[in-house]
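Worksheet: one structure, shown below.
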There are 2 protein chains.
Amino acid sequence: MLLSTKSTTERILDAAIELVSEKGYAAATTKSIAELAGVNEVTIFRHFGNKRGILKAIIEKFSYGPILQKTIQLEVSYELQDDLLLFSKEYLRYMLSIKDFVLIGFREAGSFPEIDEEIANVPRAIKEELMKYFTEMQRRGKIIDMDVEPISMSFIAINFGHFISAARLGNNVTAIDLAELLQTSVTIFSRGITP
Amino acid sequence: MLLSTKSTTERILDAAIELVSEKGYAAATTKSIAELAGVNEVTIFRHFGNKRGILKAIIEKFSYGPILQKTIQLEVSYELQDDLLLFSKEYLRYMLSIKDFVLIGFREAGSFPEIDEEIANVPRAIKEELMKYFTEMQRRGKIIDMDVEPISMSFIAINFGHFISAARLGNNVTAIDLAELLQTSVTIFSRGITP
DNA sequence: ATAGGATGCAAGTACACACTTACATTCAGT
DNA sequence: ACTGAATGTAAGTGTGTACTTGCATCCTAT
């Protein structure tokens, strides 16, 4: 059995993530998951008890670690445009790394409220971090005097919008590549909050 | 049978839209759709042939009519901030009216490529409209000299971000109401592209 | 060399689902 | 009052699914 070096549990999880994000929970049958994982169907039940157990394990696997904050805090320069661009890029990198999970979240949130919770944690944490940053920038007189919460939410919205657009619509709407779009957004946004 | 004045077909479609957007296509059984519609299950097959036929009908029902453009074109004043705010509000109003369809799109796009097509039409058409507007504003010297396509995409991203955030995360992230967020976004964006 | 744990394999159960058929009932238009 | 179309009712078929059981096989650690 040299399918890969990954453990059986991991292979099952990977397969489930792929199938559930592609076709949805209901359509991702245990049989198909087992097949893709290169594992016997019963093995799934021995590992996770029942089908729902797989989703639970997926949620735990993706539970939010504060990866983003650390990167940001270390590299902030208090040059508005540089910082926002860094932020946008880090955000997109992170979101793409959990893309499958986000897509699963969109599909299955109704049936799995735990996912909603977990997904909402991401913007919430990021909002806090951004608000701190903008507050400090205000103290330094580098951005306009305005409630920092809606500013933060707007900046998140723009980045989230670009992410979803890239993840779901691809090149169907515009041929411009994402890096350029981020650059433009950041330029506009920076000008918009510069005194 | 005075359940409502709507035709049987419409009642079935409404029920299907509700259930599919809530629980997904696979989990929305013909039985449950019939029950919610107050209709016998066989009636569904007599009207739509098979289950997939229901989804096809839903897609046709929501196919994009250029509602947005007309409203916009009539009310444009070439005052940047006023126009952008009008635009944001109209966009949100329209998106909320097709919210269920958008959510279905997120769930079922993989299995129903037709939906992807239909959904991508919306931002594409809106982008065209926005680009025209921004080009005219450049001609009038009221916004900065910059490629209008990424400007348009960025503005769409911000509005789309707010919409998804409202539709899926609700008040989990911020208590600020959407109207205020739109106002802030528009203010920032307007300043950002004003010469 | 052997024991124990993880996995495979084969078969099966119970159930829900999409979909069909045949017949009865309602109801609007003539 | 009669007809015909739309709908309801009842019963069923076939298939796929989640999940179980019993036993064989492999691998690893002692």
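To find a chain, count down the sequence lines: A is the first, B the second, and so on, and within it residues start at 1.
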Can you check whether B/H47 has a side-chain N or O nearer than 4.0 Å to OP1 or OP2 of D/dT7?
yes

Hey, can you tell me if A/Y133 and A/Y78 have their rings parallel, tilted or perpendicular (30° and 60° cut-offs)?
parallel

Does B/R168 count as lying over the ring of A/F106, i.e. NZ or CZ under 6.0 Å from the six-ring centre, within 45 degrees of the axis?
no

Measure from NZ or CZ of A/K51 to the centre of the six-membered ring of A/Y25, then state whether that distance is under 6.0 Å and the direction lies within 45° of the axis.
yes

Between [atom2] on [N] and [atom1] on [X], what's the gap in Å once rounded to a whole number?
{"X": "B/K23", "N": "C/dA16", "atom1": "NZ", "atom2": "P", "answer": "14 Å"}
{"X": "B/I33", "N": "C/dC19", "atom1": "CD1", "atom2": "C1'", "answer": "14 Å"}
{"X": "A/I44", "N": "D/dT17", "atom1": "CD1", "atom2": "C1'", "answer": "13 Å"}
{"X": "B/K31", "N": "C/dA18", "atom1": "NZ", "atom2": "P", "answer": "10 Å"}
{"X": "B/K51", "N": "C/dC17", "atom1": "NZ", "atom2": "P", "answer": "9 Å"}
{"X": "A/I12", "N": "C/dT7", "atom1": "CD1", "atom2": "P", "answer": "8 Å"}
{"X": "B/I54", "N": "C/dC17", "atom1": "CD1", "atom2": "P", "answer": "14 Å"}
{"X": "A/N40", "N": "D/dT25", "atom1": "CG", "atom2": "P", "answer": "15 Å"}

Side chain of [X] - closest among [options]:
{"X": "A/R46", "options": "C/dC9, C/dA22, C/dC19", "result": "C/dC9"}
{"X": "A/T29", "options": "D/dT17, D/dG8, C/dG8", "result": "D/dT17"}
{"X": "A/V42", "options": "D/dA18, D/dA10, C/dC9", "result": "C/dC9"}

Both B/E41 and A/N50 contact DNA chain D. Which one's nearest nucleotide lies toward the 5' end?
B/E41

Donor-acceptor pair, side chain of A/N40 and main chain of A/T43, under 3.5 angstrom:
no

